[in-house]
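Order of the sequence lines fixes the chain letters, A, B, ..., with proteins taken first and strands second; residue numbering starts at 1 for each chain.
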Amino acid sequence: MNSNQVRTQFLDFFKSKQHSIVASAPMVIKDDPTLMFTNAGMNQFKEYFLGNGIPKSNRIADTQKCLRVSGKHNDLEEVGKDTYHHTMFEMLGNWSFGDYFKKEAIHWSWELLTKVYKIDKESLYVSVFEGSKDADNLSLDTEAYDLWKAIVPEERIIFGNKKDNFWEMGDQGPCGPCSEIHVDIRSDEEKSMVPGKDLVNNDHPHVIEIWNLVFMQYNRKADGSLEKLPAQHVDTGMGFERLCMVLQGVKSNYDTDVFLPLIQKIEKVTHSPYGKNEETDIAIRVIADHVRAVAFAITDGQLPSNTGAGYVIRRILRRAIRYGFTFLNTKEPFIYQLAETLSNQMGDAFPELLAQKNLVANVIKEEEASFLHTLDQGLELLTQVIAEAKDKTISGKKAFELYDTFGFPIDLTALILSERGYALDEVGFHKELQKQKARSRAASEIATEDWTILKEANKEAFVGYNQTENQVHITRFRKVDSKKDGQLFQIVLNSTPFYPEGGGQVGDKGILTPILSPKEREISPSSGGVGEDIEIIDTKKENNLILHFTKKLPSNVNATFTAKVDTFLRNNTAKNHSATHLLHQALRSVLGTHVEQKGSLVSPDYLRFDFSHFAKLSVAELQQVEAFVNARIEEQLPLIERRNISYNQALEDGAIALFGEKYGDSVRTIQFGKSMELCGGIHVNNTANIWHFKIISEGAIASGIRRMEAITGDAVKYYFSEQENKLNKINQALKNPQDVIKALHSLQDENAKLKKQMEGLLKDKATNLKGELITEIQEVNGILFLAKEINLDATGAKDLAYELGNLGKNLFLLLATVQDDKPMLTCYISKELVAQKGLNAGQVVRELGKYIQGSGGGQPFFATAGGKNSAGIPEALEKAIDYIKQ
RNA sequence: GGGGAUGUAGCUCAGUUGGCUAGAGCGCUUGGCUGGCAGCCAAGAGGUCGUGGGUUCGAGUCCCAUCUUCUCCA
């Protein structure tokens, strides 16, 4: 059974049990500050378990793309070394939200594994939670045990402790016991030697957990206690790659058809056979695994970068490049060629791979090239370090510098050092790394306090599409302390007109004004019935809650408030957002439909739009794009907004959905003429409100990705008036010529001409002066001597001194100049004289400098000194001869 | 967000404790030589030393700010 069939059968099975099948959520998470990537199947349903949202169906099944790069068993550095750990993997899952519970979950899992997938019952083991004697004092999960006992012989039921069989989402929230299904795929011979039961949960590569059924029946409260949930949920997860391994009768995930095509392609491209040598095999597994993670991340809109989630992706890709470089001897980009293999293989299940095949390849290729360059530079630096080493050990500090500053991987450093007979101080290296980590942590520490819950509200209603002002009350708040922003409060309201940051659009700002009670009004009659305004400085979404950020709390948090959005900012933002849609349409119309939105920022000041395209836009194209958008503005297209239409209906109607965005089943579409997009943002009622659209910049941000910045509305007026101002000033400066450009050119020409003339004149002057000075040179004790004040600047004096210095080998020259009332002495002594007589120009200017109240220095044959008192020049010149008199 | 590095000729880079009039290789222009595989020789053009302040007699070099790019950590 091939992997595509395995996946389909899973989904079909649960469809037949009345589950609705949903698409995988994006692997890259955008609106949860606590999580960068989806790391478990339940992530996209978190809000349902927390009670912040209601699922469209209480039975759901899906396959979820997940990414894990850290954690107990999933350190990135371990992936590839064994045959069963991965960065990116698929998690098959079925879910019940307050619907069915243990009985169905257990029966169905058994039915699917043994009847549909036909796994030998004899090789399966199941575990149940044994209870705990700690503060929670939980008893054995008898319900699960009895259910299993009816279908599985007792000797294959295992009791698991809290660590293995009690699942918690975090410190707080829904949790409960779980039942795991393990499978033993060892040979009969091995089985006869050690019973499988003894190997369950013991990290044996062939006795493995394949399915975890979590029964959420408790809520962990902030004080650590457990309470029973009113509604009970089921959350299951089955590792897809492992399942394929079991069903395909192989002993390694990498031997399944999930990975084989990639491995074969790597073998072909790098001429390295798989299965012949352990080091090569590890490298091939690393590359096969990592390219999947990177490709899926890119299709979700996450490009490799040097911060945040993008940095994680970069690290994964670079690890793959490094393994290829070291163990497969690849010195040129090659991983990008796997993008095609991967999209052929998984494109049916994940259409985003097919659609963005070229982009994925381009981005990977670019990253490979740049990292290979980094490696090259690092190699050179390392060679230098080795050459300078005093003994056979390279300090951890030095190695860390290579790693930290130049990005040269530490394991490569260690490898090369050992090859050349040097040792690496690894302890020192890790010390430095720890220091760096501590520094970063200290700089970004955030202390989040518990929520203070004032009123239990079902769900916070967003009313901002219809109004910008609303009467509200606070349902909960908490304090957040960070080094960066200081102390802030997050406030949740029962209903809010404030748009939370999302879909590229920044969060609303505004104020919260308490409405005073009659009693409070009595105390403070001058208030006019309103209390002190609280400024809302930002609005963000977290787990479907809308958080309003303030610097302080209202004095009475239980009051009723008027929540008022800053409409000036909001209106400008709306213009930019609508213009973003028109720009998207324009780009697809002018450049082609390969243009995909790759990122977007919509703020009150400007809009930024990243999109996939392979080349720099020509001036003509930019003008076309601008003209297209402005034509739509002139057409005065009214906003056609549809709320709560089904996702599929929206797509059928022709709405553009974005890869890497998470959409519910019920979506909102925004249409202006022929531009229709799925969007939750704020828009103008008519394109005419945008007034005008102007592109400010266009450039590349990654291979195949370009960024455009533009402005609308009043910002365009300011822009043009500023340009006009500049032009006016230029005109004025040029005395209002008829043709500025012509005037400017002639000015430039003239300037060049004058410069040349000037150079000539200066040369003449210097020659004249030189000639003049030559005649004044005296011979004293066989030394050519001159001390004179001249009318030149510092560089002129220097030039002249060198010129004269070229005349002979026994010159002693002291020149005095005055610039801006500041006297300066320049002394030149031929090198031969310096050597013969032990003269030193530096000493000369320092000593003579005192006459002009100055100081100075230089080299023995040439030195300068500056001072304050130009009246002292004659005396200084007079004394100069003393140096050569003896 | 924090740390480190980086920016010098069209390109790749040197430039010492601040002090020869800022250099090299490649490329470019011109002239000459030559039976090639990076032809050779000679001459030449090309630089706001990222930007803005400061210290100093003197700053590519030191200090402060700022921007670019790279890199590590979060």
Are any of the side-chain nitrogens in [X] or [Y] under 4.0 Å away from the carboxylate oxygens of its partner?
| X | Y | value |
| --- | --- | --- |
| Arg322(A) | Glu77(A) | yes |
| Lys435(A) | Glu432(A) | yes |
| Glu367(A) | Arg318(A) | yes |

Please give, in whole Å, the distance from [N] [atom2] to [X] [atom1]?
| X | N | atom1 | atom2 | result |
| --- | --- | --- | --- | --- |
| Leu815(A) | G58(B) | CG | P | 18 Å |
| Gln384(A) | A14(B) | CD | P | 9 Å |
| Phe400(A) | U71(B) | CZ | P | 15 Å |
| Glu432(A) | C72(B) | CD | P | 17 Å |
| Arg314(A) | C73(B) | CZ | P | 12 Å |
| His373(A) | A5(B) | NE2 | C1' | 15 Å |

For [N], does OP1 or OP2 lie under 4.0 Å from any side-chain N or O of [X]?
| X | N | result |
| --- | --- | --- |
| Lys437(A) | A74(B) | yes |
| Tyr828(A) | C20(B) | no |
| Tyr311(A) | C72(B) | yes |
| Ser855(A) | C57(B) | yes |

Query raised in the report: Is the Phe861(A) ring parallel, tilted or perpendicular to the Tyr828(A) ring (thresholds 30°, 60°)?
Result: perpendicular
Report task. Take Thr374(A) and Gly866(A), find for each the nucleotide of RNA chain B with the closest heavy atom, and name the residue whose nucleotide sits nearer the 5' end. Result -> Gly866(A)
Report task. Nearest-nucleotide wise, let me know which of Gly867(A) and Glu367(A) is further upstream toward the 5' end of RNA chain B. Result -> Gly867(A)
Side chain of [X] (C-beta onward), nearest among [options]:
| X | options | answer |
| --- | --- | --- |
| Arg318(A) | U71(B), C57(B), A74(B) | U71(B) |
| Arg439(A) | C73(B), G2(B), A5(B) | G2(B) |
| Gln377(A) | A74(B), C20(B), C13(B) | C13(B) |

Query raised in the report: Taking N and O atoms by type only, does the side chain of Gln436(A) place a donor or acceptor under 3.5 Å from a partner on the base of G4(B)?
Result: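 Answer no: no donor N or O sits under 3.5 Å from an acceptor.
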Query raised in the report: So, for Phe371(A) and Phe325(A), is the gap between ring centers shorter than 6.0 Å?
Result: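 Ring centroids of Phe371(A) and Phe325(A) are no less than 6.0 Å from each other.
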Query raised in the report: Judged by atom type as modelled, is there a donor-acceptor pair below 3.5 Å linking the side chain of Ser830(A) to the main-chain atoms of Leu833(A)?
Result: no
Query raised in the report: Quick one: stems for RNA chain B, with Watson-Crick or G-U pairs under 3.5 Å, at least three in a row?
Result: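 Expected stems, ordered by start: B:1-5 with B:69-73, B:10-13 with B:23-26, B:28-33 with B:39-44, B:50-54 with B:62-66.
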Requested in this report: Select base, sugar-phosphate, or nothing to describe what Phe862(A) touches, counting heavy atoms under 4.0 Å on all strands.
Outcome: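 Answer is nothing: Phe862(A) stays at 4.0 Å or more from every strand.
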Requested in this report: Using a 4.0 Å heavy-atom cut-off across all strands, classify Gly858(A) as base, sugar-phosphate, or nothing.
Outcome: base
